[in-house]
Structures are given as structure tokens and as C-alpha cells.
2 protein chains.
Amino acid sequence: MRTRDVNKESAIQEKAIEMIVKQGLDGFSMQKLAKAANVSPATLYIYYKDRDDLISQIASQISVRLMETSLKGLHPKMSFADGLELQWKNRMEFYLTHPLDVEFIEQIRYTPTYASIKDIVRQKFGDVLGKFVHNAINRGELQPLPFEVYWSIAFAPLYQLIKFHTQGYSPTNDCFRISDEMLNQTLNLVLKALKP
Amino acid sequence: MRTRDVNKESAIQEKAIEMIVKQGLDGFSMQKLAKAANVSPATLYIYYKDRDDLISQIASQISVRLMETSLKGLHPKMSFADGLELQWKNRMEFYLTHPLDVEFIEQIRYTPTYASIKDIVRQKFGDVLGKFVHNAINRGELQPLPFEVYWSIAFAPLYQLIKFHTQGYSPTNDCFRISDEMLNQTLNLVLKALKP
DNA sequence: ATTGTAAGTGAATGAACGTTCACTTATCTT
DNA sequence: AAGATAAGTGAACGTTCATTCACTTACAAT
């Protein structure tokens, strides 16, 4: 049996991400991808069932990697401030090393395709995160809040900063770059908001 | 000269939004839109230069309406807490009355198309918002912060909540609905974070 | 009532789309 | 060395795409 060419699969994924980030989901086609990845269109269908499957497989792989990175070193018994800082720094690191992957996910996140992916992520990582938050509340380091409220305060600001950084501008700034200082400043505001 | 049929244009816009929200940007085509809006494909090209123009015209109209609604009743001299609450409530009201419009914008926001739209919005509304924030800082009601930090704390949590509501679920909840109480709770956390 | 004009059309265009098929090629097992 | 098998291919399929064109229709101005 002929063996799979590993370079081929990663070339496909890399080019797909690149194309979708640069031209959007509607500017993306199987034939263009095949050409960009130096592969026959038919080869794509060895790796993926169809176009939808290609997009959602790539998206869920990235999502899982993002979550794994983001939770690296997190112990449920960590202090809340330390644990949240760790997650922020981990996410930021993932973004800095894989910016296209994050932009890709952001683009998928708001399409109907994303519905299937969230299940996988929640199933794999819901446990650890749940315990971390639960412990922090029990220790009195975190207000008891509906999970959605907690999440929207704890992580939405980080994603917004990353988005400004990604797009290179914000509502009042044409050439925005995130700085470590700014990240820490925002994190401290978030911690202040969530403290009992 | 024959007069334009106003119903026609709004039918086109309404169906376009509906289709893109339900099937995503790539499941959207001019011919399907024409059929859904009971119009000839050629008619679309009377109203819009091409497909891209159609999408970005609709998107920027919605963006402007959203900002107008969100700033309704805002005076730059308002207290910061009142002004921010007003903007949150206004935005939430816009979402409740035009949920599809907001989902449509969210979907465009992360595509390359959005770049052109942000200019229009900033140009039209940057002034009022800038003054409001400036006054609040001078009065000592708001920490002086980089605008991006301010924005990510002040509004990202609201958008995250709306997103949970829109999608009908959050990381730990399969059937999430936003409540007034939850909105107020989150707003208070945000105000707490931003207070000097 | 006639006419000028822009609104509106259905059918047609060629290009690009996702996908498949008959086929070749590389590698593992024997 | 031969055979088995999955990887990989280029050309082709029917479909759908965005867009255009020759044409009709409705209305305002005259």
C-alpha cells in the first residue's frame, strides 16, 4: 500500500486557511485550493468527504489546538488571578504563533458551520474550566455569576483586543498593535470587575 | 419615467439578510436571491453594481442604523454610568427589534468586506463618542485608558452576551436566553472595572 | 394622447463551481 | 520479484454562478 504524503495534507490545510482568511469563505473553491496546494482536486476528496467537511475538519482541529494551548499548565486549584492570567497569556501566545489560524476560526465562528464544532470543544474542555471556576468561587476569589456573565467579562475583552490587533486598527486608531502592557492593564481591569 | 417600486428594494434587502444569516455567505447567490425576492436577476443590477456592492451596501446601511440607534439620546455631557447604560440599552433594543440585521453584520464583520464599512462608521460617529469619553475622564468618572482597552472592556462583554443569546447557547448552556437582570449585572461589573 | 425614460424582465452567456471517474503510481507484504 | 492496495491524478461531468442583453412596461412631463 502506498503511504500518505504528510506534506500534502499540511499543504492543503495551510493553503486553505490562507485562502479563506485572505479572500473570505465565498472566494474559496476546491479547484483553487487544489492548485494552490499543488495537488489534484480529486486528492482533496481522499482527505475530506466534501467542501463542508474540509472546512469544518480544519476548523475543529484548530479549535482543539487553541483550547489545549490555552489550558496548558492550568490546574483547577490555581488562584483565580493566576489561572486567568495563564489563560490570557496562553491564548495570546497561540495567537502570536498562529495568527492565521485564529483569524480563520474567527471567520468560521459566525457562520452556520460553527454549530457542530462547539460541541467537540465543550465536550473536551468543559470539565477543567468548570472546576477551575467552581474552586475560585468557593475560595471567595470570584463572584458567583451566571456562566455567561462570567465568560463575557473574563474573555470577551481579550478577544476584542486581539481582533483590533489582527485588523490592525480600532475605531480611533489606524495602526494599532497590542502591547504587553496593554494586555496586563486590561487583564487587571477584568480581575477588578470579577473580584467579590 | 417609471417610478421605483419601494417594496422591491426592501424585499431584496430583507431576503438577502435572511439568506446570508441562514446559509452563510457561500450559500448565497444572486439568482437564489432574485427568486426569493420575486424579482428578475437583472433587477438586482439596477439597485446594486454587483454582488460585492450589494452585500457591502446592505451591511453599511445596517451599521449606520445600528450606530444611530445606539447613540440615540446620548449627550456628551451625560454622566459616564448613564451614558454607557443608555448605549447598552439602545444596542440591546436594536438587537431585539432587528436580530437578523445584527447577525448579518456579525457575519460580515469578520470577512475582508468589512474593511470598507468601518471607515464610514468611524467618520460618522467618532466625534460624539470621543467627546463623551473625554468628558467622563475629565470629570473623574472614568479611568484614562488607551481607547482600545476602554472599548474592549466597555462593549465586548455586551456583544458576547448578545452572541450567546443569538446562538441560543453558551459553553455550558444549551438553551441560553439573555435577561434584563443579567444585562444589568454585567453592565455593573463593567462600570466597576472602569471606575478610577 | 403621445412620448421620453428609467424600471423591470426572461432567457442566455461563458466561466467557475463541486464532485467523480478511469486510470497510474508508489509502497508495503509476501 | 510479484501482487495487493490505497494514494494520487487530469480530464471531464452536470450544475450553478454572476452578469448581460434585447426587450417590455409603467409612469411623469408635455
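Letters go in sequence order (proteins before strands), and every chain restarts at 1. Heavy atoms only: backbone and side chains are in, while hydrogens, waters and symmetry mates are out.
Heavy atoms of Tyr48(A) sit nowhere under 4.0 angstrom from any nucleic acid atom. Using a 4.0 Å heavy-atom criterion, one finds that Thr3(A) contacts the sugar-phosphate atoms exclusively.
A donor-acceptor pair under 3.5 Å is formed between the side chain of Gln107(A) and the backbone N or O of Tyr110(B). Listed for the Lys32(B) side chain is a donor-acceptor partner under 3.5 Å among the backbone atoms of Gly27(B). For the pair Gln143(B) (side chain) and Pro196(B) (backbone), a donor-acceptor distance under 3.5 Å is absent.
Here Arg109(A) pairs with Glu106(A) in a salt bridge; the nearest charged N to carboxylate O distance falls below 4.0 Å.
The aromatic rings of Phe132(A) and Phe80(A) lie parallel to each other, with less than 30° between the two planes, well short of the 60° mark.
Looking at heavy atoms from C-beta onward, Ile178(B) lies in side-chain contact with Met92(B) at the 4.5 angstrom threshold.
The nearest whole Å value for the distance from the CD1 atom in Ile12(B) to the P atom in dA7(C) is 12 Å. Following rounding to the nearest Å, Ile46(B) (CD1) and dG10(C) (P) show an atom-to-atom distance of 12 Å.
For the pair Arg2(B) and Pro41(B), both in contact range of DNA chain D, the more 5′-proximal nearest nucleotide belongs to Pro41(B).
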Inset, instruction - Any chance you could lay out the side-chain hydrogen bond (donor to acceptor under 3.5 Å, both in side chains) test for Arg91(A) and Tyr159(A), step after step, and finish with the verdict? - result: CA-CA 9 Å; Arg91(A) 276 171 208 255; Tyr159(A) 281 124; 2.4 Å; yes
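Using a 4.0 Å cutoff on non-hydrogen atoms, the parts of residues 23-34 of chain A near DNA chain C are Phe28(A), Ser29(A), Met30(A), Gln31(A), Lys32(A), ordered by number.
Protein chain B touches strand DNA chain D; the 5'-most and 3'-most nucleotides with an atom under 4.0 angstrom of its non-hydrogen atoms are dC17(D) to dA28(D).
Annotation for Leu25(A) and Asp26(B): closest pair O-CB, 4.1 Å, computed over non-hydrogen atoms.
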